[in-house]
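Inspection log for the structure reproduced underneath, given as structure tokens.
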There are 2 protein chains.
Amino acid sequence: MAKMLVIYKTPADPAAFDRHYFDIHLPLAKQLPGLLRYDVSKRPIVNLLQGETPYLVATLYFDSLEAIRAAFATEVGKACAIDRRKYAPDHDVTMLLFDSEAM
Amino acid sequence: MAKMLVIYKTPADPAAFDRHYFDIHLPLAKQLPGLLRYDVSKRPIVNLLQGETPYLVATLYFDSLEAIRAAFATEVGKACAIDRRKYAPDHDVTMLLFDSEAM
């Protein structure tokens with residue numbers, strides 16, 4: 001199972017972020033071809049060690065890294081990438097892709 | 001479903017990290033009471049935006065935040081926390097707990 005982990009820093013305007021994220025981005029991203037599951041963190045996020053505490057953590061599950069790349073090459077995928085920049089600039093986002101293994 | 005997300009920076013000695021993590025830490029952590037699933041990232045981790053690329057991302061799944069806290073209050077949980085410091089100092093680790101919701 002491959003994951004796309006998207007970690008957002010606390011935005012300047014959390015209410016505006018939430019509106020855009022839940023009303024516009026999420027319904028769009030849920031149309032990504034091959035998306036198996038889409039999890040979003042609830043509040044609060046508890047940070048047990050150092051570093052900034054993220055505002056929101058999203059995990060998108062796909063069958064493989066190739067499936068993620070294929071999804072973001074579609075029109076929906078391109079629209080997701082464009083839309084994301086409207087509510088979160090690149091420097092406020094960590095976006096990691098990896099295959100993962102159940103232990 | 002609650003998650004414990006553990007993100008490790010690249011260690012000074014990756015081979016030593018791997019030995020400790022996979023041979024000692026993982027078998028211990030799998031005994032955590034209430035653990036539903038334990039996923040570990042495979043390599044490579046692809047970093048699409050800014051920031052350091054992690055070395056390893058582990059996700060531990062539990063029923064609730066309370067279940068995570070209860071697990072780490074047990075003898076196994078305490079042993080996990082002590083063991084983790086043997087292969088990764090606090091400043092090399094991000095450890096986030098949050099409940100999450102399937103969208």
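- Across B:Gln50 and A:His91, no two heavy atoms sit closer than the pair CG-CA, 3.9 Å.
- By the criterion of side-chain heavy atoms lying less than 4.5 angstrom apart, applied directly or through intervening Ile, Leu, Val, Met, Phe, Trp or Tyr residues, A:Ile7 is grouped together with A:Phe98 in one hydrophobic cluster.
- With a threshold of 4.5 angstrom between heavy atoms, B:Leu56 does not approach chain A through any atom at all.
- Hydrophobic clustering, with ILVMFWY side chains joined whenever heavy atoms are under 4.5 angstrom apart, keeps B:Tyr38 apart from A:Tyr61.
- Counting heavy atoms from C-beta on, the side chains of B:Thr59 and A:Thr59 never come closer than 4.5 Å.
- The CG atom of A:Leu48 lies 11.0 Å from the CG atom of B:Leu5; values are rounded to the nearest 0.5 Å.
- A continuous path of Ile, Leu, Val, Met, Phe, Trp and Tyr side chains, each step under 4.5 Å between heavy atoms, connects A:Tyr87 with A:Met95, placing both in one hydrophobic cluster.
- Residues A:Val6 and A:Tyr55 share a single hydrophobic cluster, defined by chaining ILVMFWY side chains whose heavy atoms lie under 4.5 Å apart.
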Identify all side-chain donor-acceptor contacts of residues 68-83 of chain A below 3.5 Å with residues at least two apart in sequence or on another chain.
{"unit_1": "A:Thr74", "atom_1": "OG1", "unit_2": "A:Ala71", "atom_2": "O", "d": "2.6"}
{"unit_1": "A:Thr74", "atom_1": "OG1", "unit_2": "A:Gly77", "atom_2": "N", "d": "3.1"}
{"unit_1": "A:Asp83", "atom_1": "OD1", "unit_2": "A:His20", "atom_2": "NE2", "d": "2.6"}
{"unit_1": "A:Asp83", "atom_1": "OD2", "unit_2": "A:His20", "atom_2": "NE2", "d": "3.4"}
{"unit_1": "A:Asp83", "atom_1": "OD2", "unit_2": "A:His25", "atom_2": "ND1", "d": "2.8"}

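- Comparing B:Pro54, B:Ala29, B:Ser100, B:Gly51 by how many heavy-atom pairs each has under 4.5 Å with chain A, the most go to B:Ser100.
- Under a hydrophobic-cluster definition in which Ile, Leu, Val, Met, Phe, Trp and Tyr are linked whenever side-chain heavy atoms come within less than 4.5 Å, directly or via other members, A:Val93 and A:Leu32 are assigned to the same cluster.
- Residue with the most contacts toward chain B among A:Arg37, A:Lys3, A:Met1: A:Lys3 (heavy-atom pairs, distance under 4.5 Å).
- Between chain A and the residues B:Leu49, B:Asp90, B:Leu26, the most heavy-atom pairs under 4.5 angstrom are made by B:Leu49.
- Of the candidates B:Asp99, B:Leu97, B:Leu96, B:Leu97 is the only one forming a side-chain contact (heavy atoms from CB on, under 4.5 Å) with A:Val46.
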